[in-house]
Amino acid sequence: MTEHQTTHQAAEDARNEEILIYVDGVLKPKAEATVSVYDSGFMLGDGVWEGLRLHDGVWTFADEHLDRLFEAAKAIDLDIGMDRKGVYSALLETQKANGMTTDAHARLMVTRGVKVRPFQHPSLSQSGPTFVIIMEHSKPALGRPINLATVPHQRGLPMTQDPKLNSHSKLNCILACIAAQKAGADEALMLDVHGFVNTTNACNFFIVRRGAVWTSTGDYCMNGITRQKVIDLCRANDIPVFERNYSLVDTYGADEAFLTGTFGAQTPVGSIDGRQIGTGELGPVTKRIRELYANLVHG
């Protein structure tokens, strides 16, 4: 069996053992960066997060990421405890403390904070939010295209847990990933509640058919920032792109498939459910989109 890979596979970097982590306004060594066992994020997954990439001294699409963070916090009635300027200042402070200039990844995490009792009700979180920034030296190191397996776990309806939320409650996606690995794949391809192809457990999903790019309607997937950038780049560069419902039959017959996400940008897919997609390698349309995206990031 081929060794498993992940869409967030990064090169090992010894410097990450010496990083400083931002915890509620204090920069702490990795071994000392802890939160309470009573924290609502640890106890119940009650919180939201964002991931950002540092390229050539610039946090890519930072405005869009902060928009999504504050919208998610508002949706779950969570007061972050600082404004956008404060959050961005904390990001820059952590970057400076770690001496990072490029090829870094930041994970911003905000929970409802420490509870006075180990129970669910949000009123038990009375001391204010917990705010953490983990920043690592992080360069993608994918050895081959990703292999996917379709799983029974769905991206659900917004009245259960809206898939657009970047919440700490990721168990549904984790179970999907486990099911895919049990089937011998790297990660999971998830369908929506109507049986249409939707997303993977970690990234948004695209296929290419006869030169046209297809992705889901967006109704049941994460409102991905990289996803939207790819759609915008296609429209601006005369690459046909469609947000539509499509099936596994359409997917198996695709010429190319790729994933989008903040970490990996555009990650090629080699096979789905044991069926090779196209040549099984990075395809020409995906390659062109990669180049357009890299120009956008570095431009």
Side-chain angles (χ1 to χ4, degrees), residues 3-23 27-33 49-69 84 87-110 131-146 166 170 177 186-187 200-204 206 222 224-230 232-233 258-270 281-282 286-299:
E3 185 179 351
H4 288 306
Q5 295 196 120
T6 81
T7 50
H8 295 95
Q9 194 153 311
E12 293 295 328
D13 195 316
R15 294 175 294 175
N16 287 332
E17 294 306 310
E18 306 299 325
I19 58 172
L20 295 173
I21 296 174
Y22 181 101
V23 182
L27 288 158
K28 299 183 177 183
K30 189 173 182 177
E32 300 172 19
W49 62 275
E50 276 295 320
L52 292 90
R53 294 285 300 169
L54 182 66
H55 292 288
D56 301 328
V58 177
W59 289 101
T60 307
F61 313 130
D63 282 342
E64 288 96 327
H65 282 286
L66 291 182
D67 283 345
R68 193 168 65 177
L69 178 67
R84 289 171 63 100
V87 170
Y88 191 64
S89 293
L91 182 70
L92 296 182
E93 179 186 354
T94 308
Q95 176 193 342
K96 182 179 179 180
N98 286 290
M100 295 175 176
T101 57
T102 196
D103 289 326
H105 189 85
R107 189 178 182 98
L108 281 63
M109 297 173 283
V110 189
F131 180 31
V132 173
I133 303 174
I134 299 175
M135 196 174 292
E136 293 186 331
H137 300 278
S138 180
K139 197 168 187 177
L142 198 66
R144 58 166 173 77
I146 288 287
N166 241 358
K170 300 293 287 184
C177 187
D186 297 313
E187 295 196 359
T200 74
N201 58 274
C203 296
N204 287 118
F206 289 74
M222 168 57 60
I225 291 165
T226 310
R227 174 186 187 271
Q228 189 59 52
K229 296 297 179 185
V230 165
D232 294 343
L233 284 168
F258 64 93
L259 314 178
T260 61
T262 298
F263 179 82
Q266 295 81 38
T267 302
V269 173
E281 300 294 334
L282 176 71
T286 307
K287 183 179 179 182
R288 186 183 177 204
I289 291 170
R290 262 189 173 182
E291 291 167 352
L292 291 168
Y293 183 82
N295 290 338
L296 177 65
V297 168
H298 296 289

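Heavy-atom basis, side chains included; hydrogens, waters and symmetry copies ignored.
Between atom CD of residue Q228 and atom OG1 of residue T260 there is a gap of 10.0 Å, rounded to the nearest 0.5 Å. L54 CG to S138 OG: the interatomic distance, rounded to the nearest 0.5 Å, is 11.0 Å. Rounded to the nearest 0.5 Å, atoms NZ (K287) and CG (L282) are 7.0 Å apart. To the nearest 0.5 Å, atoms CG (L259) and SG (C203) are separated by 5.0 Å. E93 contributes atom CD, which lies 13.5 Å from atom OH of Y88 (distance to the nearest 0.5 angstrom). Distance check, rounded to the nearest 0.5 Å: OG1 of T6 to CG of D186 gives 8.5 Å.
When all heavy atoms of A11 and A141 are compared, the pair lying nearest together is N-CB, 3.5 Å. When all heavy atoms are compared, the tightest approach of L20 to P29 is CD2-N, 3.8 Å. Closest non-hydrogen pair, R68 versus G224, comes out as NH1-CA, 3.7 Å. When all heavy atoms of Q95 and G57 are compared, the closest pair comes out as NE2-O, 4.5 Å. Here the closest heavy-atom approach between residue K28 and residue E32 is recorded as CD-O, 3.6 Å. In terms of heavy atoms, F263 sits closest to K139 at CZ-C, 4.5 Å.
In this structure the side chain of R53 never reaches within 4.5 angstrom of the side chain of T226, judged on heavy atoms. At a threshold of 4.5 Å between non-hydrogen side-chain atoms, the residues I289 and F258 count as touching.
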In sequence, state the C-alpha distance, the side-chain angles, and the governing distance for Q5 and T267, and then conclude on side-chain contact (heavy atoms from CB on, under 4.5 Å).
CA-CA 12 Å; Q5 295 196 120; T267 302; over 6 Å; no
For residues 60-67, tabulate all N or O donor-acceptor pairs below 3.5 Å that involve a side-chain atom, not counting sequence neighbours.
residue	atom	partner	partner atom	Å
E64	OE2	K229	NZ	2.7
H65	ND1	E50	OE1	2.7
H65	ND1	G51	O	3.3
D67	OD1	R84	NH1	2.5

Residues 290-299 side chain polar contacts: donor-acceptor under 3.5 Å, at least two apart:
residue	atom	partner	partner atom	Å
R290	NE	Q266	O	2.9
R290	NH2	Q266	O	3.1
N295	ND2	E291	O	3.3
H298	ND1	D56	OD2	3.0

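Under the salt bridge (charged side-chain N to carboxylate O under 4.0 Å, His left out) criterion, R227 pairs with E243, not counting sequence neighbours. Applying the side chain to side chain contact (heavy atoms under 4.5 Å, CB included) test to T94 and every residue at least two apart in sequence or in another chain returns Y22, L27, N98, I133, M135. For K30, the salt bridge (charged side-chain N to carboxylate O under 4.0 Å, His left out) criterion is met by E17, not counting sequence neighbours.
Sorted by first and then second residue, the salt bridge (charged side-chain N to carboxylate O under 4.0 Å, His left out) pairs involving residues 4-16 (not counting sequence neighbours) are D13-R15.
Panel note: side chain E187, backbone T7; a donor-acceptor pair is recorded below 3.5 Å.
Other residues, nucleotides and ligands contribute over 12 non-hydrogen atoms within 6.0 Å of the NZ atom of K170.
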